[in-house]
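Along the sequence shown, residues carry numbers from 1.
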Amino acid sequence: MTNIVPQFGVGTFRLTSQTVIDSVKTALDVGYRAVDTAQIYGNEAEVGQAIAESHIHRDDLFITTKIWTDNYQADKLIPSLKESLQKLRTDAVNLTLIHWPAPSLGISVAEMMHNLLEAKKLGLTEHIGISNFNIDLSQQAIDAVGLENIATNQIELSPYLQNSKLVDFLQSQHIDVTSYMTLAYGKVLNDPVLAEIAQQHQASTAQIALAWALQKGFAVIPSSTKRENLMTNLKAQEIQLSTEEMQMIAQLERSGREVDPENLAPKWDI
């Protein structure tokens, strides 16, 4: 089964104003063709500007955005997505995700997924999916709109947070796994095990962490403001890690979660 989500994209979390414009333009210039944003990032208009100024044909790009928790209700989801499309300067995005399950909001997974599916039926988004859902909530999403309508679950994954139960479940269902925070806010960059493997491949530790994720079958969306890092990150696709090296990285698991907002996050699968 071919993946819906491109294996390599550029992330825009925490990047705003001119910084995000420059980052996305540079990424597109050096060969990225997938861009990940979200309503809550407050940068969709800048991402749209960067894409417009890059002059890359829209059909060659894969644009992902995420619906924020304020907009899950039926009367808000579609208007909010239309606003996102206006900012992104496109008639439709390739993928729209529910950003967080937000159990404390009292909106059922079935309701939010049906509202999102409606946006797909209207042609506002090519694919739909979920983000930060645990196994139970992923199953609820599948039950609500059918497996064929869940393109991905975008979740935090890094050598320090390997989330194997959830990953195994998603892959058994043939749902693409998108890894965010693959470098754990840079914490993995000084890891001695990754440094040792990097030396063997004449690569950076960032490249090794990304190569690990790619070899696990995940899509990755690292961000950077530096042209050199955007280029070297992309080259992680050329690195082939040995079984032994993959096992060494497997040993780095420490449940090192970086993002766990109260009221938004589910009960994680341990």
Any side-chain heavy-atom pair from E46 and Q18 closer than 4.5 angstrom?
no

Between CD of Q173 and CD1 of I142, what distance do you get to the nearest 0.5 Å?
4.5 Å

Verify, without hydrogens or angle tests, whether T19 (side chain) and L15 (backbone) share a donor-acceptor contact under 3.5 angstrom.
no

Between S80 and Q39, is any side-chain donor less than 3.5 angstrom from a side-chain acceptor?
yes

For K165 and I270, indicate whether the former's side chain and the latter's backbone hold a donor-acceptor pair under 3.5 Å.
yes

Quick one: do the K267 and N134 side chains pair a donor with an acceptor below 3.5 Å?
no

Side chain proximity check, I40 to K66, heavy atoms < 4.5 angstrom
no

Over all heavy atoms of both residues, which pair between A119 and L77 is shortest? Give the atoms and the distance, please.
CB-CD2, 4.1 Å

Scan L88, L28, I221 and name whichever one has a side chain to side chain contact (heavy atoms under 4.5 Å, CB included) with V35.
L28

Exercise: identify the closest heavy-atom pair between P222 and G9:
CD-O, 3.5 Å

Quick one: does D191's side chain get under 4.5 Å of Y160's, heavy atoms only?
yes

Does Q86, at its CD atom, have more than 12 non-hydrogen atoms belonging to other residues, nucleotides or ligands within less than 6.0 Å?
no

Just by distance, do the side chain of S23 and the backbone of T225 share a donor-acceptor pair under 3.5 Å?
no

Atom NZ of K235 and atom CG of L210: how far apart are they, to the nearest 0.5 Å?
14.0 Å

Distance-only side-chain donor-acceptor flag, T65 / S84, under 3.5 Å:
no

Could you walk me through whether I130 and L97 satisfy the side-chain contact (heavy atoms from CB on, under 4.5 Å) test, starting with their C-alpha distance in whole Å, then the side-chain angles of each, then the deciding distance to 0.1 Å, before giving a yes or no?
CA-CA 5 Å; I130 53 181; L97 309 177; 6.0 Å; no

Can you find a pair of side-chain heavy atoms, one from N115 and one from Y72, that are under 4.5 Å apart?
no

Ignoring hydrogens and angles, state whether a donor on the side chain of T12 or D36 is under 3.5 Å from an acceptor on the partner side chain.
no

Would R227 and D29 pass as an ion pair if we require N to O under 4.0 Å?
yes

Establish, from distance only, whether the side-chain atoms of D260 and W268 form a donor-acceptor pair under 3.5 Å.
yes

Side chains of W212 and I239 in contact at under 4.5 Å (non-hydrogen atoms)
no

4.5 Å side-chain heavy-atom contact, Q73 and I107:
yes

Does the side-chain contact (heavy atoms from CB on, under 4.5 Å) test come out yes or no for I155 and T178, once each step is laid out?
CA-CA 6 Å; I155 52 176; T178 305; over 6 Å; no

Using a 6.0 Å cut-off, check whether atom CE of M231 has over 12 heavy atoms from anything other than its own residue.
no

If only atom types and distance count, is the side chain of N163 paired as donor or acceptor with the main-chain N or O of L166 below 3.5 Å?
no

Could you tell me whether E148 atom CD has more than 12 heavy atoms of other residues or ligands within 6.0 Å of it?
yes

L161, L183: one ILVMFWY side-chain cluster at the under-4.5 Å cut-off?
no

Quick one: does any side-chain atom of E228 pair with a main-chain N or O of L230 as donor and acceptor, under 3.5 Å?
no

Can you tell if the side chain of H99 reaches within under 4.5 Å of the side chain of T69, non-hydrogen atoms only?
no

Taken to the nearest 0.5 Å, the spacing of Q247 CD from L241 CG works out to 12.0 Å

Is it true that N233 and Y32 share a donor-acceptor pair across their side chains at a distance under 3.5 Å?
no

Assess, by modelled atom type and distance only, whether the side chains of N43 and R14 contain a donor and an acceptor separated by less than 3.5 Å.
no

With no hydrogens and no angle check, do the side chains of H201 and Q207 hold a donor and an acceptor under 3.5 Å apart?
no

So L124 and T96, do their side chains get closer than 4.5 Å, heavy atoms only?
no

Are Y41 and F13 an aromatic pair by the rule of ring centers under 6.0 Å?
yes

So which heavy atom on S138 is nearest to which on F169, and how close?
CB-CE2, 3.8 Å

Exercise: identify the closest heavy-atom pair between P159 and L194
CG-CD1, 4.3 Å

Could you check whether any side-chain N or O of S179 sits under 3.5 Å from a backbone N or O of L157, counting only pairs where one atom can act as donor and the other as acceptor?
yes

Atom pair CD/CD of Q162 and Q251 - distance to nearest 0.5 Å
9.0 Å

Is it true that, when you exclude Q139 itself, more than 12 heavy atoms of the residues, nucleotides or ligands shown sit nearer than 6.0 Å to its CD?
yes

Between T182 and A213 the two heavy atoms that sit nearest each other are CG2-CB, 3.8 Å

Within the supplied structure, the quantity of interest is the number of heavy atoms (other residues, nucleotides, ligands) at a distance under 6.0 Å from K216 NZ; does it exceed 12?
no

Exercise: identify the closest heavy-atom pair between P101 and S131
CD-O, 3.8 Å

I'd like to know if the side chain of D176 reaches the main chain of I4, judged simply by a donor and an acceptor atom lying under 3.5 Å from each other, with no hydrogens or angles considered.
yes

Any chance you could lay out the side-chain contact (heavy atoms from CB on, under 4.5 Å) test for M181 and V259, step after step, and finish with the verdict?
CA-CA 9 Å; M181 219 64 82; V259 185; 3.3 Å; yes

Is any NZ, NE, NH1 or NH2 atom of the basic residue among E258 and K187 found under 4.0 Å from an Asp or Glu carboxylate oxygen of the other?
yes

Measure the spacing between CD1 of I128 and CE of M113 and express it to the nearest 0.5 Å.
4.5 Å

CG/D91: more than 12 non-hydrogen atoms of other groups inside 6.0 Å
no

Donor-acceptor pair, E156 side chain versus R257 backbone, under 3.5 Å?
no

Please evaluate residues I98 and F133 with respect to the criterion side-chain contact (heavy atoms from CB on, under 4.5 Å), reporting the C-alpha separation (whole Å), side-chain torsions for both, the decisive distance (0.1 Å), and the verdict.
CA-CA 9 Å; I98 293 289; F133 278 46; 3.8 Å; yes

Exercise: do Q49 and E53 side chains pair donor with acceptor under 3.5 Å:
yes

Side-chain (T205) to main-chain (L189) donor-acceptor, under 3.5 angstrom:
yes

Roughly how far apart are I67 CD1 and M112 CE, rounded to 0.5 Å?
11.5 Å

Please answer whether the main-chain N or O of T64 pairs with a side-chain N or O of N94 as donor and acceptor at a distance below 3.5 Å.
no

